[in-house]
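Accompanying notes for the structure given below.
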Amino acid sequence: MCLSRSKCKICSQEVQQVLSFGKMPIANGFLKADDFHQEYFFELACGFCEHCKTFQLLHQTDPSQMFHEQYAFYTSTSRYMSAHFEAMALNYIQHWLPNKKDPFVIELGSNDGTMLKHFAERGIRHLGIEASQNVAEIARKNGVETRCCFFNDTTAEEIKQNYGKVDLISVANVHFSNMNEVAKGVSLLLKDHGIFVFENPYLGNIIKNVAYDQIYDEHAFIFGLNSVSNIFEREGLEVFHVEAQETHGGSIRYYLCHKGKHSKRSSVMELLHQENDVLNLNRVETYRTFAKNCEQRQQELVALLKKLQAEGKRVVGYAATAKSTTILNYCSIGPKLISCIYDTTPIKQGKYSPGMHIPIKPYTADWYKTADYVVLFAWNHAKEIFEKESEFTKNGGQWILFTPQIT
Ligand code: TYD
């Protein structure tokens with residue numbers, strides 16, 4: 001089922017379409033050859049609401065197409081992300097919860113429990129909310145109390161009845177299609193002086209770096225401060241602090257509270273100035289320019305891969321990310337241009353990439369002997385990967401990056 005719309009999913013005003021990447025499969029929908037004939041596609045088009053300033057997908061896929069018992073993303077696969085979530089947990093414990101008696105922490109989209117296990121280990125009351133059964137099960141095995149469900153105002157009410165109100169609610173890189181219900185749920189669950197932390201890849205970085213691969217089904221909205229403020233303000237919450245994070249090519253961690261319960265820090269005004277006066281994220285023209293930049297990147301990448309193919313070079317992909325689905329399908333790059341993608345996630349191995357059907361091969365220590373060039377789809381983990389793969393470079397291998405430029 002495809003829930004098509006032209007009204008803003010947040011404020012119901014008219015949304016202007018600014019770009020379309022054409023027909024797109026589910027980004028994490030890695031599949032077996034037997035299932036090619038029943039693959040699901042939708043139009044990946046984006047719009048910008050000039051009223052509430054939210055950049056959003058115009059056609060949303062049904063959540064059950066994306067989150068299920070075969071969900072292919074495990075937070076713990078990246079060493080850097082595990083370290084990031086450990087630091088996040090320690091930051092909460094040391095700076096935001098120290099004076100609380102018997103604090104209670106909830107994470108929405110808790111995946112395999114990478115963040116919450118630091119609370120579990122310390123005996124701090126916690127609860128993970130996770131829609132995909134397979135990753136929720138791993139979290140439970142790690143000692144993290146986890147409820148397998150989608151988060152909305154109804155589930156929030158149930159949690160409140162069963163566990164009481166919450167001191168801190170954390171969400172990182174989780175993408176909800178029902179943001180208004182999420183905002184209602186958070187407002188309902190959060191204690192009077194509680195803190196809600198919302199962390200996501202930052203719209204400003206995506207636009208600036210033409211990182212259009214961050215746009216896919218799960219990312220129904222791409223957030224900036226203006227939109228986050230507008231979305232949660234409707235439920236009496238306000239942003240009182242923001243912090244930039246390095247993850248996913250540049251993210252923002254927004255700290256919210258019930259209106260007036262924490263004093264507003266200067267970081268909020270500084271980011272607002274950046275958005276409105278420097279990056280022009282509040283103007284629809286910015287997104288039309290972005291669309292043109294995406295087209296240019298598409299042409300450059302395809303030209304490069306065709307040139308390498310003509311020269312008889314062996315080109316493979318590194319990391320079968322959800323992001324790669326947008327790149328591969330928008331650029332129509334199939335197995336002729338990239339023969340396979342190496343990936344460490346067992347559930348993806350032996351399957352094919354969504355839409356373009358490039359084989360996903362298990363990552364092995366000597367993968368690099370099979371390639372002259374490798375396209376780095378997990379560019380957001382470049383530091384970790386370059387450290388790990390010095391053999392490839394030493395042997396004359398070359399990396400292809402497509403953000404912020406084709407290099
Ligand atoms: P990430 O950029 O976090 O994912 P997504 O775009 O899917 O949100 O990358 C996760 C994928 O990258 C996952 O399939 C595992 C793979 N990967 C490797 O194969 N090797 C690595 O060294 C890293 C860091 C990730």
Side-chain angles (χ1 to χ4, degrees), residues 21 24-31 44 66-67 70-85 88 109 111-112 114-115 131-132 134-135 138 171-176 199-202 205-206 209 211-220 222 245-251 316-330 338 340-355 358-368 370-371 374-393 397 399 401-403:
F21 295 118
M24 209 43 78
I26 296 293
N28 264 315
F30 297 89
L31 71 176
L44 184 60
M66 301 181 275
F67 307 107
Q70 290 287 312
Y71 187 57
F73 182 81
Y74 295 73
T75 307
S76 57
T77 51
S78 160
R79 215 161 27 89
Y80 272 60
M81 285 313 287
S82 296
H84 175 77
F85 283 116
M88 180 186 236
N111 198 272
D112 55 13
T114 299
M115 203 281 284
S132 298
N134 58 335
V135 284
I138 294 177
V171 195
N173 313 320
V174 181
H175 304 276
F176 305 95
E199 179 172 310
N200 273 296
Y202 181 49
N205 292 85
I206 292 174
N209 298 328
Y212 67 87
D213 58 340
Q214 298 266 23
I215 301 171
Y216 55 87
D217 49 16
E218 289 177 32
H219 296 185
I222 311 254
Q245 304 292 322
E246 278 184 11
T247 46
H248 295 296
S251 299
V316 302
Y318 193 104
T321 57
K323 294 185 288 294
S324 67
T325 298
T326 301
I327 296 277
L328 295 171
N329 286 274
Y330 176 52
I338 294 180
C340 70
I341 304 174
Y342 292 105
D343 193 280
T344 53
T345 316
I347 202 171
K348 296 181 185 175
Q349 297 163 356
K351 291 187 179 162
Y352 293 83
S353 73
I358 298 176
I360 312 300
K361 292 198 176 164
Y363 174 83
T364 55
D366 59 354
W367 71 271
Y368 63 88
T370 66
V374 56
V375 182
L376 181 57
F377 289 118
W379 51 266
N380 45 319
H381 302 292
K383 205 164 143 202
E384 170 175 358
I385 290 170
F386 290 159
E387 270 169 32
K388 201 162 70 178
E389 303 298 352
S390 55
E391 271 312 295
F392 174 62
T393 325
W399 293 93
L401 288 150
F402 44 79
T403 180

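Remember, it's a predicted structure, so these values are computed and weren't measured experimentally. Order of listing sets the numbers, starting from 1, for every ligand and every atom in it. Heavy atoms only: backbone and side chains are in, while hydrogens, waters and symmetry mates are out.
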Which one holds for [X] and ligand 1: side chain close, backbone close, both close, or neither close, with close meaning a heavy atom under 4.0 Å?
X: Thr345; answer: side chain
X: Ala320; answer: backbone
X: Asn380; answer: side chain
X: Phe377; answer: neither
X: Phe30; answer: neither
X: Lys323; answer: both
X: Met81; answer: neither
X: Ile385; answer: side chain

Atoms in ligand 1 with a heavy atom of [X] nearer than 4.0 Å:
X: Tyr216; value: 8 (O)
X: Tyr318; value: 20 (N), 22 (O)
X: Lys348; value: 13 (C), 14 (O)
X: His381; value: 1 (P), 2 (O), 3 (O), 9 (O), 24 (C)

Distance, nearest 0.5 Å, that separates [atom1] of [X] from [atom2] of [Y]:
X: Thr325; Y: Asp217; atom1: OG1; atom2: CG; value: 8.0 Å
X: Asn380; Y: Thr403; atom1: CG; atom2: OG1; value: 10.0 Å
X: Leu44; Y: Asn329; atom1: CG; atom2: CG; value: 9.5 Å

Hey, is ligand 1 close enough to [X] that some N/O pair sits below 3.5 Å?
X: Thr344; value: yes
X: Lys388; value: yes
X: Ala322; value: yes
X: His248; value: no

Using modelled atom types only, decide if a donor and an acceptor are shared between the side chain of [X] and the backbone of [Y] within a distance under 3.5 Å.
X: Gln214; Y: Pro201; value: no
X: Asn205; Y: His248; value: no
X: Asp213; Y: Thr326; value: no
X: Ser251; Y: Glu199; value: no

For this session: Please check if any side-chain donor atom of Asn134 sits under 3.5 Å from a side-chain acceptor atom of Ser132, or the reverse.
Result: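 No.
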Exercise. Between the side chains of Tyr318 and Glu389, does any donor sit under 3.5 Å from an acceptor?
Worked result: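 The answer is yes; a qualifying pair exists.
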Exercise. Quick check, are the ring centers of Phe21 and Tyr330 under 6.0 angstrom apart?
Worked result: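 Between Tyr330 and Phe21, which both carry aromatic rings, the centre distance is below 6.0 Å.
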Exercise. Can you tell me if Trp367 has a non-hydrogen atom under 4.0 Å from ligand 1?
Worked result: no
For this session: Show the numbers, then the answer: is there a side-chain contact (heavy atoms from CB on, under 4.5 Å) between Asn28 and Lys348?
Result: CA-CA 9 Å; Asn28 264 315; Lys348 296 181 185 175; 4.1 Å; yes
